[in-house]
Structure formats: structure tokens, C-alpha cells
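What follows is a single structure, written as C-alpha cells, with notes after it.
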Amino acid sequence: MTDDAELSDLLTLRLGYLVKHAYLDIAALMARALEPYGVLPRELGVLSVIGADGAERSQNELASAIGMDRTTMVAVIDVLESRGLVERHRSARDRRRNVVTLTDAGVTCLRGAEQARAEAEAAYLAPLDADAARALTDALRVLHHAHAAPHGGRLLGAAEPTAQAHCSEAAGESAGT
């Protein structure tokens with residue numbers, strides 16, 4: 001009989017298992033780190049893009065830049081605006097366009113939350129040396145860019161559905177049903 005440790009080791013040979021558990025671990029760490037700032041990681045991502053370079057961006061442009069659907073972006077901006085971290089207004093350069101900008105409170109929140117995010121990431125990566133941490137981040141970035149689904153929601157290189165029977169169908173056949 002196989003013990004629990006051996007079964008767990010078996011699963012750690014699977015990339016999907018490792019990526020899922022790494023995500024769950026860092027998501028929990030990030031949530032705790034950002035809690036004092038009252039923002040979620042995706043809200044911090046939006047604040048970061050808004051504050052990145054001072055460029056005026058509409059909600060649609062922000063959604064496109066981040067890879068978030070427009071409906072979700074509206075909801076995130078609504079939350080950030082209700083907290084006084086962003087404001088929507090007409091563009092000074094093009095009065096036909098509405099843009100989203102950081103408020104002074106948003107700038108302050110972004111600065112603190114980004115520091116907390118960086119510290120949480122460093123704590124998560126602490127078991128690795130600097131070269132291994134950088135290599136992991138670089139490898140994940142390459143995979144993200146290679147497999148990102150910018151339009152249509154289907155990953156590049158994802159397998160096409162096949163005519164093969166699903167496991168449940170095959171089980172029914174072998175059971176004589």
C-alpha cells in the first residue's frame with residue numbers, strides 16, 4: 001500500500017498540479033499582504049497599469065492592456081472609484097473620450113500596496129537563490145506570452161476536441177452497458 005507522502009510525490013511530477021498549488025500559495029500570501037491596503041491583486045494590477053506611465057487610458061484600453069474582459073473592468077473600476085482610488089473623467093486631450101486616472105489616495109495606495117506585493121513575492125521566492133527566482137519568473141513570462149489567448153479565449157496550441165470517447169463513455173462500454 002502506498003502512503004500519503006508517496007502519493008503526494010507522485011502528483012508533484014505533474015506540471016498542472018505544481019502550477020495550481022503554486023498559484024494557490026502565492027494568491028493566499030498576496031491576499032494577506034494586500035489586506036491592509038484594502039485591494040485585491042487584480043485591483044492592484046489595474047492601479048499599476050493606470051499609474052504606470054501617466055498616459056490617459058479608457059476602461060476599454062485598460063481592459064485590453066491587462067487581458068480582462070470589459071464587464072469585469074467596469075466592475076473593478078467601480079470598486080476602485082467607490083474607494084476614492086480612481087476617478088473617471090473626460091480626457092483633456094480629447095473631450096469625446098472618458099479616461100480613468102489615479103486620485104492622490106490612489107497614488108498613495110499604489111505605492112504601499114506595490115511594496116507589499118514585492119515583499120510577498122520575495123518571501124514566496126525566498127527558498128530559491130536569486131538566479132533560480134529570476135529563471136522561474138522568466139520561464140513563466142515566456143509561457144504566458146506563448147500561450148496567452150488575446151482574443152477568443154482559446155489558448156494557442158490547445159488541443160482540438162477529438163472524437164475519442166470520454167473516460168465515462170469508455171467505462172460504460174467496458175461495463176457492458
Side-chain angles (χ1 to χ4, degrees), residues 8-81 83 85-86 99-103 105-162:
S8 179
D9 286 345
L10 171 70
L11 293 176
T12 62
L13 299 174
R14 298 176 180 198
L15 179 62
Y17 179 87
L18 292 171
V19 171
K20 173 186 143 189
H21 285 276
Y23 166 75
L24 292 172
D25 294 341
I26 198 159
L29 184 63
M30 200 63 63
R32 286 191 305 274
L34 296 177
E35 188 174 20
Y37 301 94
V39 294
L40 299 172
R42 76 175 176 184
E43 294 165 349
L44 177 57
V46 171
L47 291 172
S48 297
V49 171
I50 294 170
D53 58 10
E56 289 186 340
R57 290 185 178 88
S58 69
Q59 289 177 172
N60 287 343
E61 291 166 333
L62 290 168
S64 178
I66 295 172
M68 185 181 287
D69 67 83
R70 291 183 300 185
T71 302
T72 302
M73 180 58 72
V74 169
V76 170
I77 297 294
D78 285 346
V79 168
L80 295 173
E81 188 173 43
R83 293 183 190 150
L85 301 177
V86 301
V99 295
V100 182
T101 57
L102 295 176
T103 62
V107 170
T108 301
C109 178
L110 175 59
R111 191 176 304 121
E114 272 295 318
Q115 179 66 36
R117 178 205 54 80
E119 290 171 4
E121 287 180 2
Y124 182 78
L125 294 171
L128 304 175
D129 65 38
D131 289 339
R134 193 172 18 267
L136 173 63
T137 303
D138 291 346
L140 290 171
R141 187 178 301 106
V142 167
L143 290 170
H144 170 70
H145 289 301
H147 298 291
H151 306 291
R154 190 168 170 279
L155 292 178
L156 299 176
E160 292 290 335
T162 65

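Nothing here was measured: the structure is a model prediction, and the numbers come from that model. One-based numbering along the sequence shown.
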Where at least one partner belongs to residues 121-136, residue pairs that pass salt bridge (Lys or Arg N to Asp or Glu O under 4.0 Å), sequence neighbours excluded: Arg117-Glu121, Asp131-Arg134
As a quick check of understanding, evaluate side chain to side chain contact (heavy atoms under 4.5 Å, CB included) for Thr137 and Leu125, giving each step before the final call. CA-CA 10 Å; Thr137 303; Leu125 294 171; 4.3 Å; yes
Contacts of type salt bridge (charged side-chain N to carboxylate O under 4.0 Å, His left out), residue Arg70, not counting sequence neighbours: none
Result of checking Thr71, Val86, Val46 against Val76 for side-chain contact (heavy atoms from CB on, under 4.5 Å): Val46
Closest contact, heavy atoms only, Ala65 versus Val49: CB-CG1, 4.4 Å
Please round to the nearest 0.5 Å and tell me the distance separating atom OH of Tyr37 and atom CG of Leu85. 13.0 Å
Give the minimum heavy-atom separation between Gly45 and Ile66, together with the two atoms involved. O-CD1, 4.1 Å
Regarding Ser48 and Glu114, do their side chains bring together a donor and an acceptor under 3.5 Å, going by distance alone? yes
Under 4.5 Å between any side-chain heavy atoms of Thr72 and Asp69, yes or no? yes
Beyond-backbone contact of Leu110 with Leu44, side-chain heavy atoms, under 4.5 angstrom: yes
Between the side chains of Thr12 and Asp9, is a donor N or O closer than 3.5 angstrom to an acceptor N or O? no
Heavy atoms of Ala33 and Ala116 approach each other most closely as O-CB, 3.6 Å
Side chain Glu61, main chain Ser58, donor-acceptor under 3.5 Å: yes
Within a strict 4.5 Å, meaning less than it, do heavy atoms of the Leu80 and Leu47 side chains meet? yes
Heavy-atom check, side chain of Arg83 versus side chain of Val79, under 4.5 Å: yes
Distance check, rounded to the nearest 0.5 Å: Leu29 atom CG versus Tyr124 atom OH? 9.0 Å
Less than 4.5 Å apart, side chain to side chain, heavy atoms only: is that true for Leu62 and Ile50? yes
Any Val99 side-chain heavy atom under 4.5 Å of Arg57 side chain: no
What salt bridge (Lys or Arg N to Asp or Glu O under 4.0 Å) pairs are there with at least one residue in residues 23-42, not counting sequence neighbours? none
